[in-house]
Amino acid sequence: MKGTDRGRSAKIGALCVLAASLLWGTTGTAATFAPDVGPLAIGAVAMGLGGLLQALIAAPQIAAHASRLRDQRGTIVLGAVSVAVYPLAFYSSMHLAGVAVGTVVSIGTAPLASSLIERVIDGRRLTRRWTLAASLGLLGTALLCIAEATHATDGTSRTSLAGTFLGIGLGLAAAATYALYSWAAHRLITRQIPSRAAMGAVFGLGNVLELASWPRLVP
């Protein structure tokens with residue numbers, strides 16, 4: 001019975017990952033339906049409102065584990081700053097380099113950034129299988145970026161060559177900050193802080209930073 005429940009949980013988890021991937025991968029396309037709104041404003045509003053909702057839902061757990069969260073305030077601040085920076089870099093990347101390139105660079109290099117953070121900070125070894133998979137992913141990302149840069153050079157793309165390269169750089173920044181706040185949340189959870197309290201604290205503080213930036217980002 002336990003094996004059956006575990007298999008069912010694994011299937012539900014896989015479906016949740018697929019749903020999250022679909023939603024995340026189409027946010028750039030959704031943003032194109034608001035061409036008069038800048039990418040910084042979209043990023044600030046999207047993550048700000050989402051962070052506020054998550055913090056409100058997790059408020060009881062945050063209060064119950066307030067002392068443990070205070071002990072890990074450095075990790076929480078790091079995760080919150082990353083939460084605040086990530087959407088700004090992500091949406092700006094898609095605005096400058098195009099939805100396809102911005103999304104693929106941000107999503108495709110995030111696992112690589114996560115593993116490198118774990119290797120440097122936690123000392124976790126990288127396996128040959130991981131190295132092979134990461135290499136293939138980087139190769140595909142690089143080919144897409146080269147194709148987009150070529151289109152920008154010959155005038156068949158709506159973006160300039162400089163804008164494409166800047167967008168790729170911002171995509172890498174988005175991947176790095178996504179990896180950082182994921183690592184911060186994982187670190188809190190492994191230190192006996194429930195996942196809802198950990199994510200609520202990180203996203204809640206990140207939301208405060210987003211709210212502070214709204215007057216400068218939202219026209």
Side-chain angles (χ1 to χ4, degrees), residues 20-21 23-32 34 37-55 58 62 69 72-122 141 145 159 162-189 195 198-219:
S21 300
L23 294 172
W24 186 17
T26 55
T27 54
T29 302
T32 61
V37 182
L40 296 179
I42 291 177
V45 172
M47 189 63 81
L49 294 178
L52 176 61
L53 179 61
Q54 189 156 4
I62 293 175
L69 290 169
Q72 302 296 325
R73 54 185 174 273
T75 302
I76 293 174
V77 170
L78 175 63
V81 171
S82 299
V83 165
V85 173
Y86 161 72
L88 308 182
F90 182 51
Y91 286 98
S92 295
S93 173
M94 290 184 289
H95 177 74
L96 292 169
V99 173
V101 172
T103 302
V104 169
V105 171
S106 301
I107 296 178
T109 59
L112 174 61
S114 299
S115 297
L116 292 178
I117 289 171
E118 288 187 327
R119 179 72 180 98
V120 173
I121 299 178
D122 300 330
T141 302
C145 292
T159 60
T164 298
F165 280 120
L166 180 57
I168 292 171
L170 288 170
L172 293 174
T177 49
Y178 176 82
L180 277 173
Y181 82 68
S182 299
W183 174 86
H186 178 264
R187 189 176 183 87
L188 293 173
I189 294 170
S195 59
M199 297 302 291
V202 169
F203 275 83
L205 182 55
N207 171 69
V208 172
L209 298 176
E210 290 288 355
L211 288 176
S213 69
W214 278 12
R216 299 180 180 85
L217 301 177
V218 181

Atom pairs and distances, donor-acceptor, side-chain atoms in residues 170-183, under 3.5 Å, two or more places apart:
| from | atom 1 | to | atom 2 | distance (Å) |
| --- | --- | --- | --- | --- |
| T177 | OG1 | A173 | O | 2.9 |
| T177 | OG1 | A174 | O | 3.0 |
| S182 | OG | Y178 | O | 2.9 |
| W183 | NE1 | D122 | OD2 | 3.0 |

Just distance, no hydrogens or angles: give the donor-acceptor pairs under 3.5 Å from side chains in residues 83-92, sequence neighbours left out.
| from | atom 1 | to | atom 2 | distance (Å) |
| --- | --- | --- | --- | --- |
| Y86 | OH | W24 | NE1 | 2.5 |
| S92 | OG | L88 | O | 2.7 |

Got a list of side-chain donor-acceptor pairs under 3.5 Å for residues 105-114, not counting sequence neighbours?
| from | atom 1 | to | atom 2 | distance (Å) |
| --- | --- | --- | --- | --- |
| S106 | OG | G102 | O | 2.8 |
| T109 | OG1 | V105 | O | 2.5 |
| S114 | OG | A110 | O | 3.0 |

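Taking L53 as the reference, I57 meet the side chain to side chain contact (heavy atoms under 4.5 Å, CB included) condition, with sequence neighbours excluded. Applying the side chain to side chain contact (heavy atoms under 4.5 Å, CB included) rule to V104 yields the partners T141, L144; only residues at least two apart in sequence or on another chain are considered.
Distance check, rounded to the nearest 0.5 Å: CD1 of I189 to CZ of R187 gives 13.0 Å. The CG atom of L78 sits 12.0 Å away from atom CD of Q72, with the distance rounded to the nearest 0.5 Å.
Residues A185 and A198 come closest through the heavy atom pair O-CB, 4.3 Å. Contact detail for L96 and G167: the closest heavy-atom pair is CB-CA, 3.9 Å. I62 approaches G200 most closely through the heavy-atom pair CD1-C, 3.6 Å.
Screening residues 104-119 for salt bridge (charged side-chain N to carboxylate O under 4.0 Å, His left out) gives E118-R124 as the qualifying pairs, with residues at least two apart or on separate chains.
Side-chain contact between C145 and V101: present, with at least one pair of heavy atoms (C-beta onward) separated by less than 4.5 Å.
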